[in-house]
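Structure record follows, encoded as structure tokens.
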Amino acid sequence: MVEILFFIAAIGAIAGAVGVVVLENPFYSVLSLVAHLLSLALLFLLLEAQFVAAVQVVVYAGAVMVLYVFVVSYVGGQNLPIRAVNSPSLRIAAPLFAFCLFVELMIATLGTGLSAISSEGPKLAANYGEPEQIGELLLTKFLLPFEVASFLLLIAAVGAVMLARRRRGLDEPEVPAPLGLLRPAGTGTMAESAGGGFFRKSTASASDDSTSTGRDLG
Amino acid sequence: MIAAAATSIKAPYIDWAAFSPIVALICGAVIVLLIGLLPGRRVREQIVPGATVLTLLATLGLTIWQWGENTSIISGALAVDRLSLVLNVVFVATGLVTVVMSLRERATVQAGQGEYYTLLLASLAGMAVLVAAQNLVTLFVGIELLSIPLYVLCASELQREKSLEAGLKYLVIGSVGSATLLFGLSFIYGATGSTDFSGIAAALSSKGETIASNPLMLTGLGMAVVGLGFKAAIAPFHQWTPDVYEGAPSPITSFMSVATKAAAFGIFLRFMDVAVIDEALTWQPLLAALAAITIVVGNVGALAQTSVKRILAWSSVAQGGYLLVGIVVSSAAGLEATLYYLVVYVVMNLAAFSVVVARERETTHGDSLSAFAGLGSKRPILAVPMTIAMLSLAGIPATAGFIGKLNLIGASVDGDYAWLGVLIAIGSAISLAYYLRIVAVMWMPDRRGDSPETDRPHGQPEIIGLAIICSAATIFFGIIPSPIYDLVRGAGESIGLL
């Protein structure tokens with residue numbers, strides 16, 4: 001039973017992750033991510049981490065993904081399918097590096113994991129992975145990271161509000177100088193390293209964005 | 001059941017005195033945020049920066065109070081020792097300079113003063129947590145608390161497109177770095193079964209196996225180095241640096257180039273020299289290769305730039321390569337040389353950035369090289385500090401940068417990495433080409449006559465004061481280096497290095 005559930009969850013997780021990248025419509029990508037996260041929750045459950053599995057379903061598959069769906073619906077991503085970067089060098093290099101990373105991770109996990117495959121696994125206490133144990137750890141061993149994380153959430157909220165709100169009484173946005181927009185070639189921008197065609201496109205769309213940003217703020 | 005559980009949990013002992021610098025920063029951030037909500041122009045423009053300065057001074061005082069302390073606090077989450085205390089001083093000094101630079105900055109008005117200074121203090125708190133972290137969980141939370149306020153601060157000039165671009169690029173690349181780091185840390189935990197640095201070191205030595213024979217640990221270490229490399233802008237993970245440094249508001253750029261670098265190298269030092277020090281022979285060649293690449297890429301990349309902020313960005317990449325040399329040798333001398341160079345780098349880089357901030361506000365040329373044309377004859381009060389900073393960054397004798405480089409080269413020779421010392425010297429020689437270009441633009445007579453109009457020559461005495469103080473300190477520590485030696489001495493011993 002455990003084996004069957006594991007393979008269902010593992011295939012679901014991989015298929016969901018592939019779907020996020022492959023599907024062109026952002027809305028389907030988000031739904032695919034939900035499937036991926038639910039499969040992960042099942043994997044956590046098989047690892048005796050009941051609390052983490054519950055949190056995964058409630059927070060990620062529930063709250064966060066609903067937020068994603070809202071954002072995609074509001075922004076209306078359907079009209080702008082995600083395009084591959086138009087650069088031949090990147091088209092070869094990116095899969096190559098991804099493959100290298102894949103091989104490296106396989107060596108790491110298989111090289112150490114296979115030795116445990118015929119064993120019984122770790123001896124766990126009866127209450128392993130229960131909220132009580134996690135709560136105790138958060139209040140003793142990991143007290144400081146726990147408290148710092150709560151401060152981090154406050155700061156993230158402050159930052160988000162700062163970026164999102166519209167302020168009145170500010171000067172008119174400055175008109176970007178044409179020289180400021182076009183950087184001279186050969187200065188090592190990120191766009192250059194990702195392929196020249198991308199650079200021109202991003203500059204053109206960036207100037208469109210500036211006018212719309214200005215309107216919102218004004 | 002619940003009552004039984006409640007009595008069985010024993011809360012960890014908290015050494016509030018040793019913890020106090022971080023508490024001061026966090027409380028200060030919250031107080032500044034609340035003060036920023038009060039109405040009135042005077043509150044925003046004077047009381048908020050004033051409260052920020054008070055917070056930083058309190059942190060500095062508490063840090064000095066704890067000087068000489070060497071303990072592990074809150075269940076081994078943080079280490080209060082010479083390394084973290086020296087870097088606390090660096091952070092507070094950088095924070096003070098950044099507050100002064102930001103006083104007339106447009107970004108503070110557009111972002112709201114309360115929020116701007118709160119994020120600055122929160123980022124500093126993250127740095128203080130990070131460099132003291134001796135636990136993988138604390139490390140990651142610290143690095144996020146450092147980064148997330150910075151993403152927002154980069155985009156804080158909300159009406160300037162390049163600032164928003166910088167914030168977005170930093171967010172995306174920084175998140176990739178954080179994810180890689182977290183992945184690596186989870187592998188390390190999987191391989192050793194411990195999140196404490198000391199526990200990792202004990203697991204590695206007790207199992208009798210090397211990192212090289214344990215692929216999980218090897219991969220984890222590799223990914224953790226890559227993740228930290230993103231934060232420290234080490235080549236080939238540096239590509240965000242020029243774009244973000246150029247686009248962010250200049251006070252934030254100077255803050256990032258100095259404080260973030262110091263924090264990233266601080267945790268780099270502690271992690272490498274505490275958790276995996278027994279395996280130094282395995283990771284030394286890897287870091288040596290990264291240091292060599294960084295020195296070459298940073299110095300060559302700076303040659304073709306026309307924007308001074310971009311030149312300083314590439315130069316900061318190159319300086320990161322020099323700093324990495326002190327980590328490669330993994331000795332107390334190497335650690336102290338890196339720490340020494342960090343302190344010196346803060347002083348000289350802040351001098352350079354104060355002049356850039358001043359010129360950006362005086363002319364319409366922004367931070368391009370033409371904004372500095374003919375500065376020597378028109379505004380020697382700015383040209384002289386800039387010249388000193390450039391010469392010190394290049395490592396000319398009688399400046400602090402020279403002594404710093406000398407220490408690093410000495411540590412590399414002692415640690416059997418003499419070729420890296422040679423590379424530092426070669427890199428400094430290449431760097432003269434772009435540092436002296438700025439000096440030449442300032443002091444050569446302006447033949448083409450396209451030097452910019454000086455709009456407001458006397459409007460910002462505080463920035464000119466900063467430039468003079470920082471450049472004077474650069475010369476002072478170049479001639480009398482002993483105060484910094486006294487500051488960093490014992491940092492290596494405090495974390496158990498020979």
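Below, all heavy atoms of this structure are taken into account, side chains as well, without hydrogens, waters or symmetry copies.
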For A:Phe146 and B:Val141: C-alpha separation, side-chain torsions, deciding distance, then whether side-chain contact (heavy atoms from CB on, under 4.5 Å) applies.
CA-CA 9 Å; A:Phe146 180 60; B:Val141 173; over 6 Å; no
Would you sort out whether A:Phe142 and B:Thr138 count as a side-chain contact (heavy atoms from CB on, under 4.5 Å), showing the intermediate values?
CA-CA 8 Å; A:Phe142 297 109; B:Thr138 319; 5.8 Å; no
Give the member of B:Ile148, B:Ile22, B:Ile74, B:Ile26 that has the highest number of heavy-atom pairs under 4.5 Å with chain A.
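Maximum pair count with chain A is reached by B:Ile26.
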Top of B:Asn135, B:Thr118, B:Ile73 for chain A proximity - count of heavy-atom pairs under 4.5 angstrom:
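Of the options given, most contacts go to B:Asn135.
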Please classify the contact between [X] and chain A as side chain, backbone, both or neither, with a heavy-atom cut-off of under 4.5 Å.
X        : result
B:Met223 : side chain
B:Phe19  : side chain
B:Ala133 : neither
B:Leu303 : neither

Give, for atom [atom1] of [X] and atom [atom2] of [Y], the distance between the pair rounded to the nearest 0.5 Å.
X        : Y        : atom1 : atom2 : value
B:Ile14  : A:Leu143 : CD1   : CG    : 5.0 Å
B:Gln110 : A:Met162 : CD    : CE    : 9.5 Å
A:Thr109 : B:Phe187 : OG1   : CZ    : 6.0 Å
B:Leu33  : A:Leu154 : CG    : CG    : 6.5 Å
B:Glu115 : A:Ile155 : CD    : CD1   : 10.5 Å
A:Lys141 : B:Asp196 : NZ    : CG    : 3.5 Å

Provide the closest heavy-atom pair for A:Leu152 versus B:Leu145 in the form atom of the first, atom of the second, distance.
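Heavy atoms only, the tightest pair is CD1-CA, 3.6 Å.
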Of the non-hydrogen atoms in A:Ala108 and B:Leu216, which two are nearest, and what is the gap between them?
O-CD1, 3.6 Å
Mind checking whether A:Ile107 and B:Thr219 have side chains closer than 4.5 Å, heavy atoms only?
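Of all side-chain heavy-atom pairs linking B:Thr219 with A:Ile107, none is under 4.5 Å.
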Just by modelled atom types, is the B:Pro12 backbone N or O under 3.5 Å from a matching donor or acceptor in the A:Thr140 side chain?
no
